[in-house]
Amino acid sequence: MIGRSGFGYSFDPFVEGVTPHPFTAAAKQYIPLVSSFAISREYILPKLVKIGTPRLRRLALNLIPSKRIHKLREIVDTMERTSVEIFEIKKKALKEGGDAFESFDEQGKDIMSILGTDTTSNTLSRILSLLATHPNVQDKLRSEVMEVISTYGDNMLYDDLTPLPFLDAVCRETLRLRPTCQEDSVPLSTPIKGLDGREIHSIMIPKGTKVYISILNANRDPALWGPDSHEWKPERWLSPLPQALIDARVPGIYSNLMTFLGGGRACIGFKFAQLGIKVVLSTLISEFKFSPSKEIEWKMSSITSPSVKGSTMPQLPLNIELVSKTA
Ligand code: HEM
């Protein structure tokens, strides 16, 4: 999706029988693999990258007898090759200008090829999975979307789609309850009980410690969101939010949520992500009806991703029916 809309480059034509782009396969494996190096990435790598030249480091890397490290090297190389290729195409098109750039730019408007494991596609997977198990919500969403599609058809504009209240509520609620990046940590906004039964009000943090804030706890705190904070209820966004939440002044950049974080390192793509989710979701929901298929497990690596129970391959099989047959 980002490839087509951002760079005018297709990573996956979504056509059966066509070999996927090597970048897609690499990107799908990148997050789970890189997450398995979490500790060494955090504590050892920053020191190693200061030793010698890139050439020397590459040589040393090749000599390390670890299949996982070599796999990661191949993945990173594939992703870098593709990035350079896209950059060169874009540079050439800009240089040539005229028709070449026009047609290149035009491709960028033809959205919709979903990149495997990124945050936006996994949020979409979450929404589809939740809709499959909440048929009433799914029907309500479909009728809202169908109404606007029957009015505007293919001429539907950004302003026709993005304000749809229930579509917006479904997206917000999923981003709240099921954020794709979900650091977990000890909440101390109220005292917690230790194993010995004593109340803990604070924790000593040595200078220089990296602190991960808990996106999950912020998004689900019952003291802020109410006693039903652990339930998926899109309707909560159709009424005024609890006063406790407003008063808490959650520092997230979006909708009292920490899903896209806040401050100087917050997500710069959050508007684009929401647009992408809404466009894909409204297209799919107007054509298909979704119901659960196999048992799904959500793998909690840096970016949460679905897979069939017992498998590690990222996928979300769902039963699909054409809407026209079921309406
Ligand atoms: C549902 C979808 C998305 C979620 C949940 C999400 C979440 C996040 C989070 C939590 C961070 C902060 C990471 C950190 O500092 O540890 C981040 C950073 C970032 N995101 Fe997103 N993101 C999403 C979609 C996107 C999209 C679609 C784009 C690009 C078009 C994007 C571009 C970025 C960039 C460039 C950063 C780094 C910002 C910086 O460090 O200055 N994100 N995102």
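Read the numbers this way: they start at 1 and go in the same order the structure lists the ligands and their atoms.
- For Gly276, the closest heavy-atom approach to ligand 1 does not fall below 4.0 Å.
- The environment of Lys294 atom NZ is sparse: at most 12 non-hydrogen atoms of other residues, nucleotides or ligands sit within 6.0 angstrom.
- Side chain of Arg57 to main chain of Gly52: a donor-acceptor pair is present (N/O by atom type, distance under 3.5 Å, no hydrogens or angles).
- Near Thr123, meaning under 4.0 Å from one of its heavy atoms, ligand 1 places the atoms 1 (C).
- Between Leu275, Leu261, Ile268, it is Leu261 that holds the heavy atom closest to atom 16 (O) of ligand 1.
- Summarising the geometry of Val145 relative to Ser286, their closest heavy-atom pair is CG1-CB, 4.3 Å, with the distance given to 0.1 Å.
- By heavy-atom distance, the residue among Phe272, Phe260, Phe270 lying nearest atom 6 (C) of ligand 1 is Phe260.
- Shown in contact with Thr259 at under 4.0 Å from a heavy atom are these atoms of ligand 1, numbered in order with element: 5 (C), 7 (C), 10 (C).
- Across the listed options Gly269, Cys181, Ala273, Gly269 owns the non-hydrogen atom lying nearest to atom 31 (C) of ligand 1.
- Within ligand 1, the atoms closer than 4.0 Å to a non-hydrogen atom of Ala266 are 38 (C), numbered from 1 in the order shown.
- Only the side chain of Thr180 comes within contact range of ligand 1, with a heavy atom under 4.0 Å; no backbone atom does.
- Note on Lys92 versus Glu96: salt bridge recorded, some NZ/NE/NH1/NH2 to OD/OE distance being below 4.0 Å.
- Closest heavy-atom contact between Pro306 and Asn122: CD-OD1, 3.5 Å.
- Every atom of ligand 1 with a heavy atom of Thr120 under 4.0 Å away is listed here by number and element: 2 (C), 24 (C), 27 (C).
- Under 4.0 angstrom from ligand 1, there are no non-hydrogen atoms of Pro179.
- Ring-plane geometry between Phe270 and Phe260 is classed as tilted, the angle between the planes lying from 30 to 60 degrees on a 0 to 90 degree scale.
- In Ile39, the CD1 atom is not crowded: 12 or fewer heavy atoms of neighbouring residues, nucleotides or ligands sit closer than 6.0 Å.
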